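Structure first, then comments.
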Amino acid sequence: IEVQEFDLVVFGASGDLAHRKLLPALYHRYADGQMPENARVVCSSRRSYSDDEYRTWARDALTEHVKDLEEECLERFLSKICYVSIDIGSGNGWEDLKAILDQRPDVIRAFYLAVGPDLFGTICESIGKAGLVTEQSRVVIEKPIGKNGSSAKALNETVGKVFKEEQIFRIDHYLGKETVQNLMALRFANALFEPLWNAAHIDHVQITVAESLGTGGRAGYYDTAGALRDMVQNHILQLLCLVAMEPPESMDADSVRDEKLKVLKALSPISEAMADKLTVRGQYKAGASAGGAVPGYLDELGRDDSTTETFVAVKAEIANWRWAGVPFYLRTGKRLAQRVSEIVVQFRPIPHSIFDEEAGTISANRLIIRLQPDEGVQMTVMIKDPGPGGMRLRQVPLDMSFAEAFKVRNPDAYERLIMDVIRGNQTLFMRRDEVDAAWAWIDPILQAWANSKDTPRAYTAGTWGPSASIALVERDGRTWAEED
Ligand code: BG6
């Protein structure tokens with residue numbers, strides 16, 4: 001469905017996010033007929049491009065990142081783009097932007113801050129001072145929202161002075177992934193799972209977001225963040241919320257976010273004394289990935305004194321009626337054995353077996369929600385091995401692969417999210433109190449690490465991280481899914 005007429009202003013329009021994600025996402029929405037013909041994309045950065053020079057840059061970005069680009073559609077799309085150079089430091093350029101936006105003050109106006117977080121505050125203040133905020137305005141900021149609870153609060157306050165909370169869209173792009181949205185469909189559009197979705201029937205949950213790449217060209221930023229801030233504070237905790245939350249009353253933004261917030265607040269705090277037992281941090285050293293030998297993190301960084309973690313595993317618990325005693329093992333890292341993101345819900349074993357030993361082992365059911373790649377949902381069940389050989393049992397997967405079930409292109413998360421900004425739908429965006437609650441759980445872990453004499457454990461690039469992460473789960477008599 002077509003969205004209403006809008007002006008989208010992209011700050012940081014000559015950067016990596018615009019190149020890889022935003023322009024391709026907008027192109028796809030345009031090509032699918034979702035963008036009205038009079039929509040405008042006002043791109044801005046410090047560089048001095050003419051409209052045509054920027055369109056050439058955008059054309060290159062789209063040629064690189066969009067399959068099946070269609071020339072005639074591309075031309076029409078590019079004609080929606082104009083460019084204005086703004087120097088955030090000196091303040092030059094705001095008048096030019098104002099002149100463009102004032103041409104139609106009544107349409108939806110969205111400011112997308114595709115810039116480093118250190119500029120969020122200044123840009124919002126400048127938008128305010130330039131008198132660009134209208135009733136129909138909204139602003140989009142990307143994670144990281146702060147480096148800890150107090151800096152997040154300060155940032156939210158600065159942004160909050162210019163925009164009302166309902167105008168602020170905090171993107172966590174994981175929430176826009178098709179398979180992540182599907183979690184809600186799976187849980188709340190099926191009668192099958194919900195009755196079993198609690199501590200009485202679920203033994204534990206694993207959430208893995210493993211990447212095979214290193215820090216790429218982002219080592220500078222990454223070194224100030226580390227895996228806990230970069231992935232756990234946002235993406236992984238959001239996934240945990242979607243798995244653990246109570247059924248919201250509706251898909252209305254606040255109903256969903258109220259339920260997620262309750263989960264975040266119910267996370268058992270990890271005290272300094274317990275951090276050693278419940279968390280594992282690692283940093284990759286040289287090793288091998290699919291493409292051959294790769295350097296270690298410190299070599300990539302060009303320094304030898306960084307203690308930034310590129311891997312983290314945490315045993316989390318949610319202290320509420322539904323989940324008490326069910327561990328949520330969370331794990332993420334760079335340069336791991338494989339790129340795979342998945343949620344594994346491990347059910348409890350059957351209470352009593354009626355079969356004799358010849359039947360073999362009866363494995364407990366397991367639901368695997370594969371977020372990427374090879375998106376799909378798999379449920380393992382026990383069946384009788386066919387044949388006359390008596391009652392032999394075998395575990396088989398009931399498999400639903402998205403690629404096989406739906407022969408359509410899997411849209412990128414940003415396509416959905418940008419259009420939701422224009423629609424004013426905040427369901428898939430983080431509310432301020434969620435960000436605060438997530439930091440409230442993360443801060444003591446960061447603090448404990450900072451006070452500890454230990455440094456991250458080294459792991460070889462191309463493996464599943466430090467062996468201590470395997471021990472974290474094995475100590476409880478369990479294993480990470482890929483080891484079964
Ligand atoms: C980003 C992190 O938020 O998510 C990156 O900053 C990470 O470090 C990326 O690589 C992973 O996203 P995706 O969509 O590739 O799984």
Side-chain angles (χ1 to χ4, degrees), residues 12 15-22 24-25 28 65 112-118 120 140-147 152 169-183 207-240 242 281-284 289-290 294 297 300-301 306 308-312 330-343 369-376 402 409-418 428-430 434-435 438-439 442 456 461 465:
D16 181 61
L17 185 67
H19 198 269
R20 281 188 308 115
K21 296 287 184 184
L22 305 183
H28 280 300
H65 299 293
Y112 199 119
L113 275 49
V115 294
D118 42 330
F120 289 168
V140 187
I141 52 180
E142 284 270 342
K143 60 150 272 268
I145 313 275
K147 282 203 72 181
F169 287 71
R170 298 180 190 84
I171 280 206
D172 182 313
H173 79 280
Y174 266 58
L175 294 178
K177 288 183 190 276
E178 281 292 317
T179 37
V180 175
Q181 293 175 57
N182 189 45
L183 256 173
I207 303 181
T208 296
V209 178
E211 297 184 273
S212 53
L213 296 177
T215 53
R218 297 164 72 234
Y221 148 74
Y222 193 85
D223 199 56
T224 64
L228 190 68
R229 288 190 180 96
D230 186 51
M231 298 295 286
V232 180
Q233 191 272 343
N234 34 77
H235 306 324
I236 292 193
L237 285 185
Q238 287 291 324
L239 295 178
L240 175 141
L242 294 178
R281 1 169 218 163
Q283 189 186 71
Y284 60 85
S289 83
V294 293
Y297 176 71
E300 276 179 1
L301 188 65
S306 169
T308 298
E309 79 286 357
T310 61
F311 174 95
V312 59
L330 317 176
R331 158 178 82 151
T332 183
K334 304 269 181 204
R335 284 274 186 247
L336 296 184
Q338 212 183 321
R339 173 173 179 254
V340 56
S341 298
E342 65 184 18
I343 297 169
I369 301 150
R370 173 69 78 101
L371 307 177
Q372 59 191 31
D374 310 326
E375 291 82 353
F402 275 52
R409 184 183 65 87
N410 193 1
D412 186 74
Y414 282 91
E415 295 182 39
R416 165 75 196 257
L417 295 175
I418 297 174
L428 300 180
F429 295 81
M430 291 180 293
E434 283 181 82
V435 176
W439 278 120
I442 295 286

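All values reported here derive from a predicted model rather than from experimental measurement. All values below come from the heavy atoms of this structure, side chains included, with hydrogens, waters and symmetry mates left out. Whatever order the structure lists them in is the order used to number ligands and atoms, beginning at 1.
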Subject >> For the student: nearest non-hydrogen atoms of Ala438 and Leu237, plus distance >> reply: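 Taking every non-hydrogen atom into account, CB-CD1, 3.8 Å.
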Original post:
Of all heavy-atom pairs between Ala210 and Ser341, which one has the smallest distance, and what is that distance?
Top reply: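 Result for this residue pair: N-OG, 4.4 Å.
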Original post:
Considering residues at least two apart in sequence or located in another chain, which fulfil the ring-ring contact (aromatic ring centres under 6.0 Å, His included) criterion with His28?
Top reply: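 For His28 there are no ring-ring contact (aromatic ring centres under 6.0 Å, His included) partners, ignoring immediate neighbours.
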**OP:** Determine, for Glu142 against Lys21, whether the closest basic-nitrogen to carboxylate-oxygen distance falls under 4.0 angstrom.
**Re:**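 Not counted as a salt bridge, because no side-chain N and carboxylate O are separated by less than 4.0 Å.
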Subject >> Basic-acidic side-chain contact under 4.0 Å: Lys334, Glu300 >> reply: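 A salt bridge is absent here (no side-chain N lies under 4.0 Å from a carboxylate O).
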Original post:
Between Tyr174 and Asn234, does a side-chain hydrogen bond (donor to acceptor under 3.5 Å, both in side chains) hold up when you go through it step by step?
Top reply: CA-CA 9 Å; Tyr174 266 58; Asn234 34 77; over 6 Å; no
Original post:
Any idea which residues sit under 4.0 Å from ligand 1, heavy-atom distances?
Top reply: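 For ligand 1, the residues that come within the 4.0 Å heavy-atom cutoff are Lys143, His173, Tyr174, Lys177, Glu211, Arg218, Asp230, Met231, His235, Lys334, Gln372.
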